[in-house]
Every structure is written in C-alpha cells, then in structure tokens.
Amino acid sequence: DGGITQSPKYLFRKEGQNVTLSCEQNLNHDAMYWYRQDPGQGLRLIYYSQIVNDFQKGDIAEGYSVSREKKESFPLTVTSAQKNPTAFYLCASSMRREAEAFFGQGTRLTVV
Amino acid sequence: GNSVTQMEGPVTLSEEAFLTINCTYTATGYPSLFWYVQYPGEGLQLLLKATKADDKGSNKGFEATYRKETTSFHLEKGSVQVSDSAVYFCALSDTGRRALTFGSGTRLQVQP
C-alpha cells in the first residue's frame, strides 16, 4: 500500500542531544514537508522540499535541519539549538505544490 | 500573508445534531481549500477539498462550499455521529507559499 511512514512513533531525548526523525514515502510525490504541532494549536511549517537536493525554511526552521538526498526520504534532525523541542511532528507529501498533502502518523518527541 | 481562521472549540453536540464549523481565509490569488480531520494520536487525513470558487467538496456526509465573495469554506454535516469526534483543520494552498497554511483546528465532541 502506498503511504507515508514516520518512525519512531514515540521518541525521548535528553537535553543537549540531537535526534533524527525519519520520513519515507512511496507515493512518488515530488514535494515533502515537516510540520510541528503543539497541544491545542494548528500546524506550523518547519521545512519543505519541492525536489531532490533542494529544500527551504518554513516559519519555524531555527534549531532544525533536513536533507533530501532521495525522492522518497526527508529526515528531520532536531538539534540541541531547538529551545523547546517537545512536540508532535508530522511529515507530509504532495504530488505538486498546489495539491492536497498526505500525512504520516506522526512522531511524538519528548525531551527528558 | 496568507492565513486561515477557524471558530474556537470545543464544539459539543449530541448525536444526530447539525454541525457547522466556520472557516474564513485571507490569501492572494485563487487558493485551493481543504478540510482535514485528526483523530487522537494520529496524523491528518484529508476530508474534502475545493479548488475553485463555488466548488462544493463532499465526503462521508460532510460538505463545504468555496465562497470567494465571503472568503469562507464552512464545514457542515447534517447528522453527526459519535465517531465524528475529532479535531478538524481548515487549510489553504498557495502557489506563492508552496505549502499548506492551516487554521488552529476545532475540536468536535459528539455525545451519545
């Protein structure tokens, strides 16, 4: 079945550590996105990529980094520079930039 | 810039009641409009969409009409069920932005 897979579902990190969230899609979509969701709030865009080897900052990119070496993969690294990383992270993809996005099941990151 | 405004929740209804969740937007050009639904601990699922003015999106008994004159895309359902309890997000796509812009979400609670 086609879809977007995020792993792990739950992740715990100690303060000062970097952590990488995985996102893989087999929908053959060109565009991929990372959003952050905090309790009771909407989704905020962290990074997006329209093609392989190219990506742009979203609204809250500080403290995060990404890579897009393959069309199907768009990993997100939460660095120690991110001051408040505890949140629910959602990866999405779309066929083109104007089209609807399809979402993964999310990764809940908790800093302990 | 682009923005989406949704009515604040939670919205609490009895089973079989009529549902309206208001959504208005600000955008340049002619964005596509979407409603997404999120169940607890999961990612977002596309509920319906409309790509041009006066289009009506519909799915699973939910409907929304793209009203350019009032810049609105209100979600409606004639008879809600307990299983409709979730958070609903209104969103728009903008070619200039290249990613979806989301509202803050509206929690719906349906009581038996």
Side-chain angles (χ1 to χ4, degrees), chain A residues 3-10 21 23-25 27 29-51 54-61 66 74 87-110, chain B residues 1-11 21 23 25 27-52 55 57 59 64 66 73 86-109:
Chain A
I4 300 176
T5 301
Q6 289 188 243
S7 61
K9 189 171 178 64
Y10 299 96
L21 283 59
C23 178
E24 303 277 334
Q25 56 100 357
L27 300 168
H29 286 170
D30 288 319
M32 297 188 74
Y33 313 88
W34 275 105
Y35 289 90
R36 169 179 171 143
Q37 185 179 23
D38 293 287
Q41 297 188 28
L43 279 67
R44 293 184 289 170
L45 183 66
I46 305 173
Y47 268 97
Y48 60 99
S49 169
Q50 299 293 329
I51 57 173
D54 187 47
F55 49 83
Q56 288 78 41
K57 294 181 179 180
D59 298 322
I60 56 166
V66 293
F74 192 42
F88 191 50
Y89 291 88
L90 289 159
C91 179
S93 70
S94 66
M95 187 175 300
R96 58 188 184 281
R97 61 190 185 188
E98 302 90 349
E100 65 267 29
F102 293 83
F103 284 81
Q105 292 299 294
T107 293
R108 187 167 299 281
L109 173 64
T110 303
Chain B
N2 297 335
S3 66
V4 176
T5 302
Q6 293 181 231
M7 61 188 293
E8 289 194 17
V11 174
I21 299 178
C23 170
Y25 68 89
T28 56
Y30 303 94
S32 294
L33 300 174
F34 308 91
W35 276 101
Y36 283 84
V37 59
Q38 185 180 35
Y39 298 100
E42 297 186 5
L44 276 66
Q45 302 173 26
L46 179 66
L47 183 59
L48 53 83
K49 67 177 181 180
T51 58
K52 60 183 186 294
D55 266 2
N59 186 27
Y66 189 163
F73 192 54
V87 180
Y88 292 82
F89 291 92
C90 185
L92 65 82
S93 72
D94 168 36
T95 56
R97 185 73 197 282
R98 301 187 178 190
L100 296 181
T101 298
F102 286 86
S104 58
T106 302
R107 181 175 299 279
L108 170 65
Q109 299 173 338

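Chain letters run A, B, ... following the sequence lines, proteins first and then strands; every chain starts at 1.
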Problem set entry | Check against side-chain contact (heavy atoms from CB on, under 4.5 Å), B:Gln38 and A:Leu90 | CA-CA 12 Å; B:Gln38 185 180 35; A:Leu90 289 159; 4.3 Å; yes

Problem set entry | A:Lys9 atom NZ: more than 12 heavy-atom contacts under 6.0 Å | yes

Problem set entry | Residue B:Tyr39 excluded, over 12 heavy atoms near OH under 6.0 Å | yes

For this session: Flag the pair A:Gln37 / B:Phe102 as yes when at least one side-chain heavy-atom distance between them is below 4.5 Å, and no otherwise.
Result: no

Problem set entry | A:Arg44: side-chain hydrogen bond (donor to acceptor under 3.5 Å, both in side chains) partners, not counting sequence neighbours | A:Asp38

For this session: Quick one: closest heavy-atom pair of A:Tyr35 and B:Ala99, and the distance?
Result: OH-CB, 4.0 Å

Seminar exercise, completed: Note: vs chain A, highest number of non-hydrogen pairs under 4.5 angstrom among B:Leu92, B:Val87, B:Leu46, B:Leu44 is B:Leu44

Exercise. What's the spacing between A:Glu100 CD and B:Leu47 CG if we round to 0.5 Å?
Worked result: 12.5 Å

Problem set entry | Within 6.0 angstrom of B:Gln109 CD, more than 12 heavy atoms from elsewhere | yes

Problem set entry | A:Tyr33 side chain to B:Leu100 backbone, donor-acceptor under 3.5 Å | no

For this session: Quick one: list whatever passes salt bridge (Lys or Arg N to Asp or Glu O under 4.0 Å) with B:Lys52, sequence neighbours left out.
Result: B:Asp55

